[in-house]
Chemist: 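Before we start, here is the structure in question, set down as structure tokens.
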Amino acid sequence: MITWYLVYRIIVDDIIFYPPIYQFLIIPGLIAALLVALFIIWFERKAAAFVQMRYGPREIAPRIGGAIQLVADLTRYALQEIIIPETVDVLPYILSPIIMIILALLPLEAVPLTSIRTYFPIPPDYSLLIAVALSTLSPLFVVLMSWASNNKFAVVGGIRESFIITAYELIAVLGFLSAAAMTQSFNIVNIVNIQMSGKWLGLLNPIALLAVFIAVLMSTSGFPFEIPDSESELVAGPYTEYTGLLYGLNMGGGYIKRWVFSILIALVFLGGWAPYKPVPGIITGYFIPSLIVSIKALIVMAIMSFLRSVYGRYRVDQALGIAWEILIPLTLAAFGLGLAEAYFGII
Amino acid sequence: MESSTSGSVVPHLPGMEVSELSKNTYEVYIGPAHPGSGHMRIIVEVDGDIMVRVDPDIGFVHRTMEKLAEGRDWIKNIPLFERMAILDACNITLPYVEAVEKLLGTEPPERARYLRTLLCEINRIASHLYGMGIFGVFLGHSTLYMWAFGDREVFIDLAEQMSGARLTHSYPVFGGVRRDIPDDFPEGARKATRYMRNRLNEYAKIFLNNPNIRSRLENVGVMSKNLATELGIVGPNLRASGVRYDVRLNEPYEAYGELEFEIPVFEEGDSLARAWARVEEIRQSLNIIDKVVDWLEKHPRENFMHEKFWKTAPKLYKDVYTGQIDYAGKYRVKLMPLFASLKVPPGKAFARVEAGRGEMVYYVESDGKDVPYRVRVVSPSFRNVIAFKYLMPGHRLMDLPAIYGSFDYFPPEWDR
């Protein structure tokens, strides 16, 4: 009995709930991201269908409203032949979608999802800085992928992507760091603890939240900024030459990026696990807080997805104009507002 | 192209065009198999993000309709010409019917003229809604796409009630129309126009006044009055550039001379004005439908086919029409037998109408046989496509769908 108990403890404590594995693979990592993609894509299609006066997906599992449509799509992607054109640069062509997905998930390793010391994946002192820095890695591989594809549409899409990266990254970084200015701390645990009293940073500094929200839309080519893979002139942008599972990875990559950013927004601006105070114990100290953060992030994502049914897409120069001429001054103002609030002790 | 760079002589074949690429530009082929091109190819040379040369390359869905028409009976050409733009079928075939009527010397009865006008306007709305839906999806606005295509169904249903077919109506035939409207049609038509007026306001809210869409369309693809007349642009695109030209107004045909309606004219000439021109035209078409339906209701059910053809009608047809048998029930109403062996007197005739996308022109020549000697078709899209070459250069690549969509260009219509 004791040995079985030990095996159970090892599996649960040291494998499933071992923070780096738990956060990278389970919640909010790969498995949760897949479930979230399943839900969000379904929600996106159903919400758009509601606005557009039609049914949306319902052929697969009509009783639950076509909720597992994505499973069917993924099966198709997985079983489809992967065609590698002769003109591509094979190694970067195959590797870049995979590396992109892994790097996109990496910021989740840096953020703490509870205030209990045992369950920190890394020491959280500079976790905000590290997470934001890690989030800037994966877009580079979209550019690499477009270059490796050696297709005109892909190259144009890659160039647009690189323009957009330079525009949104500064906004996202400054926006997130205005939270550090408000709390004088890069430690996400501190930032969440300050918000425990109900004073969410998103409420105290809505400008920063708005700027980050738009920057995330830009980075994940959500509407109205679906520019690098704008279908009506660039087919699928950087992903034009991809087929089968690799194309599926690319499509999933966008959603994973958006998910990771949403987790960061939930932690920094929306109070993290705020109404709930983690108590020692795996379930109460780790599972429940991480679930709360995930649900908040899911709501953020749902709002982002809904914009699809309201907006068309901006032209690339207009999007860059919005970023450089409006959002960056706005983010600086948010940073200043954060400093002022910290100085006058509002926080 | 390769041979020109290596210094050897470029072979010049008839019909072949060779152009050298300049050093810093990049040539993108949009189409013919491309989600944003339709059945055509646009060869775009971009310098950075700016288009410097745009070459609309057409002819991918050419079906030799003019030649096919020379081998078919007169009546069988109506369903053939409908295939140019099935979403605008009545407008597309009407000038052919009118031209042949001129040769035959038969005038359609008054009721037939009103019925043709009715279906023409229903078709115009359906065609504009189709164009707006495609425009929406070009700009990534899936909601307008779904709304427009959903609301188009209302008018397709009306057309189906009139003619029995959703798209390929073959409704106007020589000497009149194929059949009359059912008794409950006016009620349904009024309901549809009421519904559509409300919907147009919602379209304006979500699409035309949406700041995102406005910023994409305003001052994009500006076509001045001069350029528009020089290039010979027709239809709503011309009226969006401030030229008051509409065949319905300049040379009234069918019942348009007796109806009151406005021709919406916009001065700006940009993509937004072209989109608004369509919306306003839908509004006017709704008014016309209301007026025509009122007229049809007030006037008794007189004949809708010229006497010359009507007297050859089968008994069943006459019985159905005079109400001795239930109207649109289980019986198939056939065409007049005279059409099968119709011989048109020799001569030349020309007719034009204002189709959904602009002026539609037919020139028909007969040598007295049962097939036409020559049918020449000039379709509105053929006259509009040249604008791409002159409007697009200087704009960014992302403006290509914004200009393309605003012209409501329909390749199968040009590529007859």
Side-chain angles (χ1 to χ4, degrees), chain A residues 44-56 150-164 214 217-218 221-237 239-240 305-322 325-326, chain B residues 26-31 33-38 42-46 48-51 133-151 153 199 202 205-208 210-220 392 395-405:
Chain A
E44 189 169 335
R45 296 181 63 172
K46 275 289 183 191
F50 178 74
V51 173
Q52 294 163 2
M53 305 190 297
R54 55 191 176 87
Y55 289 113
N150 192 15
N151 171 302
K152 285 182 176 179
F153 297 120
V155 169
V156 176
I159 290 168
R160 285 186 187 176
E161 174 79 21
S162 55
F163 274 132
I164 301 255
I214 296 175
L217 277 179
M218 275 188 171
S221 70
F223 276 93
F225 300 104
E226 201 223 22
I227 291 164
D229 42 348
S230 158
E231 193 194 21
S232 51
E233 74 271 5
L234 290 189
V235 192
Y239 321 125
T240 307
S305 302
F306 181 72
L307 293 179
R308 171 179 290 270
S309 43
V310 183
Y311 288 116
R313 51 175 92 81
Y314 276 111
R315 212 163 55 208
V316 60
D317 59 320
Q318 286 169 340
L320 295 177
I322 289 171
E325 286 164 17
I326 301 172
Chain B
Y26 196 63
E27 205 171 44
V28 186
Y29 283 68
I30 303 214
H34 187 286
S37 73
I42 310 177
I43 302 167
V44 185
E45 205 179 317
V46 285
D49 198 25
I50 312 280
M51 297 186 273
I134 296 290
F135 194 19
V137 84
F138 271 7
L139 296 177
H141 201 287
S142 52
T143 300
L144 183 83
Y145 171 62
M146 290 293 170
W147 280 11
F149 272 68
D151 292 339
E153 204 65 20
R199 292 292 289 166
E202 286 173 33
K205 262 183 224 161
I206 198 144
F207 188 73
L208 293 161
N210 188 335
N212 166 241
I213 298 297
R214 279 185 69 113
S215 65
R216 279 301 298 279
L217 300 183
E218 257 174 335
N219 298 322
V220 167
M392 284 179 183
H395 285 93
R396 287 174 186 277
L397 185 59
M398 271 195 97
D399 281 332
L400 187 138
I403 299 174
Y404 185 112

Chemist: Would A/K152 count as a cation-pi partner of B/Y29, with NZ or CZ less than 6.0 Å from the six-membered ring centre and within 45° of the ring normal?
Modeler: no

Chemist: Can you tell me which of B/P401, B/A402, B/P211, B/G405 forms the most heavy-atom pairs within a distance under 4.5 Å of chain A?
Modeler: B/P401

Chemist: Using non-hydrogen atoms only, which part of B/I206 is less than 4.5 Å away from chain A: side chain, backbone, both, or neither?
Modeler: both

Chemist: Are A/R160 and A/E233 close enough for a salt bridge, meaning some N to O gap below 4.0 Å?
Modeler: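 Yes.
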
Chemist: Does any backbone or side-chain atom of A/S230 lie under 4.5 Å from a heavy atom of chain B? Answer side chain, backbone, both or neither.
Modeler: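 Answer is side chain: those atoms of A/S230 sit under 4.5 Å from chain B.
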
Chemist: Is it the side chain or the backbone of B/R396 that comes within 4.5 Å of chain A heavy atoms, both, or neither?
Modeler: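 Contact with chain A is through the side chain of B/R396 alone.
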
Chemist: If we define contacts as heavy-atom pairs under 4.5 Å, which of A/V316, A/V155, A/V235 has the most with chain B?
Modeler: A/V235

Chemist: Where does A/R313 contact chain B at under 4.5 Å (heavy atoms): side chain, backbone, both or neither?
Modeler: both

Chemist: Do you know which of B/N210, B/I30, B/V220 has the most heavy-atom pairs under 4.5 Å to chain A?
Modeler: B/N210

Chemist: Should A/Q52 and A/S309 be marked as a side chain to side chain donor-acceptor pair (under 3.5 Å) after you check the CA-CA gap, both sets of side-chain angles, and the distance that decides it?
Modeler: CA-CA 8 Å; A/Q52 294 163 2; A/S309 43; 5.8 Å; no

Chemist: Using modelled atom types and a 3.5 Å cut-off, is there a donor and acceptor pairing between side-chain atoms of B/N212 and backbone atoms of A/G312?
Modeler: yes

Chemist: Do we see a donor-acceptor contact under 3.5 Å between the side chains of A/S221 and A/E226?
Modeler: no

Chemist: Quick check: does any side chain N or O of A/R54 sit under 3.5 Å from a backbone N or O of B/G150, one acting as donor and the other as acceptor?
Modeler: no

Chemist: Which atoms of A/Q318 come close to chain B, meaning under 4.5 Å heavy atom to heavy atom: side chain ones, backbone ones, both, or neither?
Modeler: side chain

